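Okay, structure first, notes after.
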Amino acid sequence: MHNVNKKRRKSVSLGKSAGLGGGAMVNGQATFVVMRAVKTTLLELFVASAVLASAGRLRAQSPYESSEDFARYAMKLRESALLKIEPEVFIPTTSRPSLFGFNGRYPWKVDIVTTVFWVGEKPTPNNPVPNTRSAWDVNWVNDYGGYDDPDPTNRRNFIPANFTPRQNPFYCALPYNDVVDGTTKPEAPLVIPWFKEVYRKYGQSVCQNRWIEIRNHLGQSCYAQWSDCGPFRTDHWQYVFGNELPEWNINNAAGLDVSPAVRDFLGLSGMDATSWRFVDFRDVPPGPWTYYGDNNDFVLSARRNTERVVSDDDQGDSSAPTVITR
């Protein structure tokens, strides 16, 4: 039943990025500015050439002492005109609203074919690579806590019925990995928007556990953490961070894999069209995606807030017990 949902078979989608609409406007205005500059410069070149050609005739009326001085002046005028032939950049002063009516740091990827995958997914003839490990976790099943059974009858409240996951059950996969063989890819610092903010050391991923927002066709949002790479590709940064469309493959050009928890929350069937975008942790609202996981920013933040020493400073009672809560 789940064969079509295999991560390794999924390619990328026919959907379009929300960032495509503004490019033509900016490029059009930039082209107009450049053409105007070129026309002005050509006129200046014509004038400079005419002045240079008539240098001899104007010698008697010129304030310059010799025709050589006047010629040098005309050449400088010509060089000045040539230097002005260079591109002019149009910089917008206001941000363009996204397709869903929000202004934001990250653009929407719209109408992306979305399939379902899960921790512990077994290999099949069409999907020879099992999901017992992720791109960033060789012990994914053990670290997650077990098999993330996609069967709805074996799930309760968006998690498996037989265990509590040790990682966020709201996870996803996108077709890019910023590290390979313990090495940071050369394009990563240039294409990942948050690279400089979160970089810690060479060879350590800055994409793992990043949050994304996913919307179904009804406009309902779910939030998940980026926990694996796929569908199918691990090098398509032009789609993940840029304006390229996902590439076609045999699985209807899927460009996003989501976990059973995301599927259940959004009411997906297993192969649907959704829209998604990156979001910063501070912009993720409360929801069932905040409850579980050693990799979950909400859980880690709660632990930091509760790992403190509680003492009765106001009373100054040194006999009061010290309590450490975790």
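Worth knowing before you read on, the calculation uses all heavy atoms, side chains too, and leaves out hydrogens, waters and symmetry mates. What you see is a predicted model; the values in this text were computed from it and never measured.
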- Message: If you take the centroid of each ring, where Trp contributes its six-membered ring, are Trp276 and Trp226 closer together than 6.0 Å?
- Response: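 When the ring centroids of Trp226 and Trp276 are compared, they turn out to be at least 6.0 Å apart.
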- Message: Are Trp211 and Phe298, when compared by the centres of their aromatic rings, separated by less than 6.0 Å?
- Response: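 Judged by ring-centre distance (under 6.0 Å), Trp211 and Phe298 do meet the cut-off.
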Who pairs with [X] by side chain to side chain contact (heavy atoms under 4.5 Å, CB included), at least two apart in sequence or on another chain?
X      : answer
Val141 : Val119, Thr132
Thr184 : Val179, Ala188, Phe195, Tyr202
Ser259 : Tyr171, Ala261, Val262

- Task: Mind checking salt bridge (charged side-chain N to carboxylate O under 4.0 Å, His left out) for Asp294 and listing every partner two or more places apart, or none if nothing turns up?
- Result: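 Listed in chain order: Arg303.
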- Query: What's in the same ILVMFWY side-chain cluster as Ile159, cut-off under 4.5 Å, chained through other members?
  - Reply: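 In the cluster with Ile159 are Tyr291, Tyr292.
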- Does a side chain donor of either Trp289 or Asn296 reach within less than 3.5 Å of an acceptor in the other side chain?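 Distance-only check fails for Trp289 and Asn296.
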- Measure from NZ or CZ of Lys109 to the centre of the six-membered ring of Phe278, then state whether that distance is under 6.0 Å and the direction lies within 45° of the axis.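 Lys109 over Phe278 ring: no.
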- Query: Nearest 0.5 Å, what's the CG-CZ distance between Asn168 and Phe158?
  - Reply: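 The CG atom of Asn168 sits 12.5 Å away from the CZ atom of Phe158.
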- Does any non-hydrogen side-chain atom of Ile214 lie less than 4.5 Å from one of Leu256?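 Touching, per the 4.5 Å side-chain cut-off.
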- Query: Is any side-chain heavy atom of Arg263 closer than 4.5 Å to a side-chain heavy atom of Trp118?
  - Reply: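 Answer no - side chains too far apart.
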- Would you sort out whether Arg215 and Ser221 count as a side-chain hydrogen bond (donor to acceptor under 3.5 Å, both in side chains), showing the intermediate values? CA-CA 4 Å; Arg215 281 190 170 179; Ser221 286; 2.8 Å; yes
- Query: Which pairs, with at least one residue in residues 153-168 and sequence neighbours excluded, count as a salt bridge (charged side-chain N to carboxylate O under 4.0 Å, His left out)?
  - Reply: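 Only Asp148-Arg155, Arg155-Asp264 qualify under salt bridge (charged side-chain N to carboxylate O under 4.0 Å, His left out).
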- Parallel, tilted or perpendicular: ring planes of Phe117 versus Trp140, cut at 30 and 60 degrees: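 The arrangement is tilted - the two ring planes meet at 30° to 60°.
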- Message: So that I can tick it off, tell me whether Asp280 and Arg210 are bridged by a salt bridge, with the cut-off set at under 4.0 angstrom between side-chain N and carboxylate O.
- Response: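 Yes, charged N to carboxylate O under 4.0 Å.
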